[in-house]
Amino acid sequence: MYNYQNLVYENENGIAIVAINRPKALNALNAATMRELNDLCDKLAQDKAVQVVILTGSGDKAFVAGADITEMQAMSAIEGREWGKLGQLVFNKLENLPQPVIAAVNGFALGGGCELAMACDIRIASEKAKFGQPEVTLGITPGFAGTQRLARLVGKGLAKEILYTGDMIDAAEAYRIGLVNKVVAPEELMAAAKAMAQKIMMRAPVAVRLCKAAVNEGLDTDLETGTAYEAEVFGLCFATEDQKEGMAAFVEKRKANFKGK
Ligand code: CAA
């Protein structure tokens with residue numbers, strides 16, 4: 001159990017449910033919230049009691065409406081760079097947590113909010129969710145890796161359109177372009193995220209984590225290096241009890257009972 005000012009944390013049977021909790025500012029990320037998220041990522045990375053993380057926003061209006069504009073308004077260039085670096089560091093930590101992370105996008109995911117969702121492994125959106133990178137309407141570029149992750153997720157052309165126009169897109173369009181994995185009714189969002197988390201938790205935990213590491217490592221390098229990494233993690237799986245159990249269960253026509261070892 002972790003206690004924070006701007007995050008609500010709960011562990012529900014191995015699923016960490018984290019809500020960014022500044023509903024009056026549509027969950028905008030200020031420095032205090034970013035520092036809490038940083039601390040939480042450090043703790044989650046070591047937390048054996050957490051198998052999957054679900055990240056969402058408090059209230060029914062916003063996931064996260066961006067970095068806090070009131071805090072950024074008077075920043076100097078040096079402060080802006082430090083703020084961008086902090087956000088990037090925290091989102092990199094989130095992306096590289098050993099556990100799978102699902103974003104349950106319950107409303108506006110704009111600027112830093114869209115960037116936060118993109119640092120998660122999987123995005124499930126409510127029909128009410130809206131995505132965008134409106135930074136150019138404020139005279140800035142995205143600062144928490146939006147220019148990088150958006151282009152990797154939806155391709156260069158669509159990313160540039162979203163970045164240059166600052167337009168919001170709705171959940172259906174986000175699904176069409178591959179920005180989100182699934183769209184569900186608002187009242188079904190958390191149930192859908194938990195159902196996906198539970199399904200992942202039934203699979204071999206070490207193999208799931210190695211899949212995550214292989215995708216993350218591989219997409220940041222060339223195919224040859226990525227496939228070499230895959231061969232290593234594939235081989236490593238054969239040293240686990242879960243591989244023995246998984247294959248024995250298949251041969252014996254029964255359900256596997258994985259221990260995460
Ligand atoms: N920062 C600080 N406060 C914010 C905020 C933000 N990003 N987004 C919303 N709020 C605040 C509003 O100022 C308002 O506060 P008050 O009640 O005190 O006036 C409250 O949240 C509710 O917002 P609105 O009244 O504006 O709600 P709305 O329904 O009319 O509009 C919205 C919703 C379209 C999301 C609108 O709030 C909006 O455009 N927000 C800003 C979105 C944005 O530009 N995000 C990008 C920020 S820059 C960034 O993130 C840089 C980066 O990459 C690191």
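Every number for a ligand or one of its atoms is a count from 1 in the order of the listing. Position 1 is the first residue of the sequence, and the numbers go up from there.
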Inset, instruction - Number the atoms of ligand 1 from 1 as they appear, then name those within less than 4.0 Å of a heavy atom of Phe108, with their elements. - result: 33 (C), 35 (C)
Legend entry - From CD (Glu127) to CD (Glu187), nearest 0.5 Å: 7.5 Å
Inset, instruction - Look at atom 39 (O) of ligand 1 and say whether a protein heavy atom is found at less than 4.0 angstrom from it. - result: no
Legend entry - Atoms of ligand 1 close to Gly112 [distance to a heavy atom under 4.0 angstrom, numbered from 1]: 49 (C), 50 (O), 53 (O)
Inset, instruction - Give yes if a backbone or side-chain nitrogen or oxygen of Ile69 is under 3.5 Å from a nitrogen or oxygen of ligand 1, and no if not. - result: yes
Inset, instruction - Compare Pro134, Ala145, Gly111 and give the one whose heavy atom is closest to atom 43 (C) of ligand 1. - result: Pro134
Inset, instruction - Would you check if there is a donor-acceptor pair between the side chains of Lys93 and Asn38 at a distance under 3.5 Å? - result: yes
Legend entry - Protein heavy-atom partner closest to atom 22 (C) of ligand 1 - residue, atom, separation in Å: Leu26 CG, 3.8 Å
Inset, instruction - Answer yes when Lys244 and Glu241 have at least one side-chain N-carboxylate O distance shorter than 4.0 Å, and no when they do not. - result: no
Legend entry - Non-hydrogen side-chain atoms of Phe108 and Phe131 separated by less than 4.5 Å: no
Legend entry - Atom CD of Glu224: over 12 foreign heavy atoms under 6.0 Å: no
Legend entry - Atom of Ser58, atom of Asn27 and distance for their closest heavy-atom approach: O-ND2, 3.0 Å
Legend entry - Atoms of ligand 1, numbered as shown, that sit under 4.0 Å from any heavy atom of Pro142: 53 (O)
Legend entry - 4.5 Å side-chain heavy-atom contact, Val215 and Asp121: no
Inset, instruction - Check whether any side-chain heavy atom of Ile54 sits under 4.5 Å from a side-chain heavy atom of Lys194, and report yes or no. - result: yes
Legend entry - Is_contact(atom 45 (N) of ligand 1), protein non-hydrogen, under 4.0 Å: yes
Legend entry - Salt-bridge present (Arg22, Asp68; N to O < 4.0 Å): yes
Inset, instruction - Have a look at Ala62, Ala65, Gly66 and point out the one with the heavy atom closest to atom 42 (C) of ligand 1. - result: Ala65
Inset, instruction - Taking the side chain as every heavy atom from C-beta outward, state whether Phe63 and Leu110 have any pair of such atoms under 4.5 Å apart. - result: no
Legend entry - Salt bridge Glu245-Arg254, side-chain N to carboxylate O under 4.0 Å: yes
Legend entry - Non-hydrogen protein atom less than 4.0 angstrom from atom 4 (C) of ligand 1: yes
Inset, instruction - Specify the protein heavy atom at minimum distance from atom 10 (N) of ligand 1: its residue, its atom name, and the distance to 0.1 Å. - result: Ala25 O, 3.7 Å
Inset, instruction - Would you please classify the geometry between the Tyr4 ring and the Tyr2 ring as parallel, tilted or perpendicular, with 30° and 60° separating the classes? - result: tilted
Legend entry - Side chain, backbone, both or neither: the part of Met168 lying under 4.0 Å from ligand 1 by heavy atom: side chain
Legend entry - Atom indices of ligand 1 within 4.0 angstrom of Met72 heavy atoms, with elements: 48 (S)
Legend entry - ligand 1 atoms in contact with Lys24 (distance to a heavy atom under 4.0 Å): 20 (C), 21 (O)
Legend entry - Electrostatic pair Lys259-Asp242, nearest N-O below 4.0 angstrom: no
Legend entry - Contact bool for atom 35 (C) of ligand 1 (protein heavy atom, d < 4.0 Å): yes
Legend entry - Separation of Leu7 CG from Arg35 CZ (nearest 0.5 Å): 12.0 Å
Legend entry - Test item, Gly146 contacting ligand 1 (heavy atom, 4.0 angstrom): no
Legend entry - Under-4.0 Å heavy-atom contact with ligand 1, by part of Ala67 that carries it: both
Inset, instruction - Return yes or no for this condition: an N or O of Lys61 is under 3.5 Å from an N or O of ligand 1. - result: yes
Legend entry - Sub-4.0 Å protein heavy atom next to atom 28 (P) of ligand 1: yes
Inset, instruction - Just jot down the ligand 1 atoms closer than 4.0 angstrom to any heavy atom of Leu110, in number order. - result: 35 (C), 42 (C)
Legend entry - Leu138, portion touching ligand 1 at heavy-atom distance under 4.0 Å: side chain
Inset, instruction - Look up atom 7 (N) of ligand 1 and tell me if a protein heavy atom lies less than 4.0 Å from it? - result: yes
Legend entry - Under-4.0 Å heavy-atom contact between protein and atom 50 (O) of ligand 1: yes
Inset, instruction - Give a yes-or-no answer on whether the side chains of Asn216 and Asn96 include a donor-acceptor pair shorter than 3.5 Å. - result: yes
Legend entry - Any protein heavy atom nearer than 4.0 Å to atom 19 (O) of ligand 1: no
Inset, instruction - Answer yes or no: does an N/O atom from Glu115 fall short of 3.5 Å to an N/O atom of ligand 1? - result: yes
Inset, instruction - Before signing off on this row, confirm whether Glu135 and ligand 1 have an N or O atom pair separated by under 3.5 Å. - result: yes
